[in-house]
Amino acid sequence: MTSGSDQSAGQPPRERLTVSLSSDLVRGLKSAAAESDARSVSAYVEYLLRKEEWLRRWKLAVGEPDPDALAQARQALLADQPQPPAS
Amino acid sequence: MSGRILDRTALVDFATSASVYGGAFLVAAVEMDIDLVAPVVALLDAWSAVPTPDRALLELLLETPLLRVEPLHAGAAAEAGIRAHDARTAGATYDAGSAHTVDAAMRLGYVVVTSDPGPLRVIDPAVAVEELPGF
């Protein structure tokens, strides 16, 4: 693992980090980054880490979500079918 | 996949842990990379309704990775106001937070997550809503 620093004007300090991963994981990561809105693999990894950190903080604050409610919420978000307006 | 608009009632529900489903919904949305939008006027309403001890949770909610606050500039204010005009002149109960929420939903093509669809449908019966179940 190697590291270095890189800083752009107006941006928080950034560091460069080199990690070694198995080839299949690298391919998967690049593919997922390309399919996302991320500008780069680095931006995609940063998003994933921020998401995990936020989930950890949220669950620390309110507790683990109820499994049944979580399953129902996932189903609702997958279905993506809004209720028709009330008549 | 469509995103979701969080109206005042959803923001308050999530920030106060009022329902079991609300917190689970937020976790699921983040896990599934769903775009979340909080219209700024609905957010103002939520800040006014959330008790002091729960403000930290509302702050944390606003740090949700894919949540963005929808601003209200002059053009959007005009669109939202005009959209609410008919309801207001018909004597229906109207509030600015709902007007901004409905306008954002219609412009973005997103579904509104709410525990009270009534005030939204007064402004536009065609607005798509996903009602938080009562648990």
Side-chain angles (χ1 to χ4, degrees), chain A residues 10-15 17 25-87, chain B residues 1-5 13-36 53-67 102 105 109-114 117-118 120-135:
Chain A
Q11 298 293 320
R14 303 181 69 81
E15 291 190 21
L17 174 71
L25 282 179
V26 171
R27 280 195 300 274
L29 186 59
K30 287 181 176 177
S31 175
E35 290 173 9
S36 76
D37 292 333
R39 300 181 312 278
S40 64
V41 173
S42 293
Y44 182 66
V45 170
E46 181 159 344
Y47 165 69
L48 292 178
L49 292 173
R50 290 195 184 284
K51 187 167 84 166
E52 287 306 311
E53 172 62 10
W54 184 88
L55 284 167
R56 187 192 65 78
R57 291 170 62 202
W58 182 262
K59 290 174 183 176
L60 192 65
V62 304
E64 288 289 329
D66 176 80
D68 291 339
L70 191 58
Q72 187 173 338
R74 285 173 177 150
Q75 194 169 12
L77 288 165
L78 276 175
D80 207 17
Q81 292 175 342
Q83 300 171 7
S87 57
Chain B
M1 181 177 291
S2 174
R4 295 294 188 278
I5 306 279
D13 182 295
F14 299 168
T16 59
S17 300
S19 72
V20 171
Y21 183 85
F25 175 89
L26 197 56
V27 168
V30 170
E31 288 176 347
M32 296 168 67
D33 300 326
I34 304 292
D35 284 330
L36 299 174
D54 294 319
R55 287 177 183 165
L57 204 53
L58 182 53
E59 289 274 14
L60 181 56
L61 193 162
L62 294 173
E63 293 176 24
T64 305
L66 284 181
L67 188 145
V102 170
Y110 283 1
V111 176
V112 181
V113 178
T114 181
L120 306 172
R121 288 180 169 150
V122 160
I123 293 166
D124 192 334
V127 67
V129 301
E130 189 171 301
E131 193 167 349
L132 291 167
F135 70 91

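Note on naming: letters A, B, ... go to the chains in the order of the sequence lines (proteins, then strands), and numbering restarts at 1 for each one. Only heavy atoms go into these numbers, but all of them, side chains included; no hydrogens, no water, no symmetry mates.
Contacts of B:D33 with chain A are made by both backbone and side-chain atoms, with heavy-atom separations under 4.5 Å. B:A29 touches chain A through backbone and side chain together, each having a heavy atom under 4.5 Å away. Contacts between B:L120 and chain A at a heavy-atom distance below 4.5 Å are absent for every atom of the residue. Contacts between B:S19 and chain A at a heavy-atom distance below 4.5 Å are absent for every atom of the residue.
Expressed to the nearest 0.5 Å, how far CZ of B:R4 lies from CG of A:L77 amounts to 5.0 Å. Distance CG/A:L55 to CG/B:L26: 8.5 Å, rounded to 0.5 Å.
Taking 4.5 Å as the heavy-atom cut-off, the residues of residues 37-51 of chain A that approach chain B are A:Y47, A:R50, A:K51, ordered by number. Contacts between residues 64-73 of chain A and chain B, counted as heavy-atom pairs separated by less than 4.5 Å, involve A:P65, A:D66, A:A69, A:L70, A:Q72, A:A73.
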- Could you go step by step and tell me if B:L66 and A:W54 meet the side-chain contact (heavy atoms from CB on, under 4.5 Å) rule? CA-CA 11 Å; B:L66 284 181; A:W54 184 88; over 6 Å; no
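The minimum heavy-atom distance between B:E31 and A:R74, with the atom names listed, is OE1-NH2, 2.7 Å.
Dense packing is recorded around NZ of A:K59, with more than 12 heavy atoms of other residues, nucleotides or ligands lying under 6.0 Å away.
In terms of the side-chain contact (heavy atoms from CB on, under 4.5 Å) criterion, residue partners of A:R56 (sequence neighbours excluded) are, by chain and number, A:E53, A:L60. For A:V62, the side-chain contact (heavy atoms from CB on, under 4.5 Å) test picks out A:W58, B:S17, B:L57, with sequence neighbours left out.
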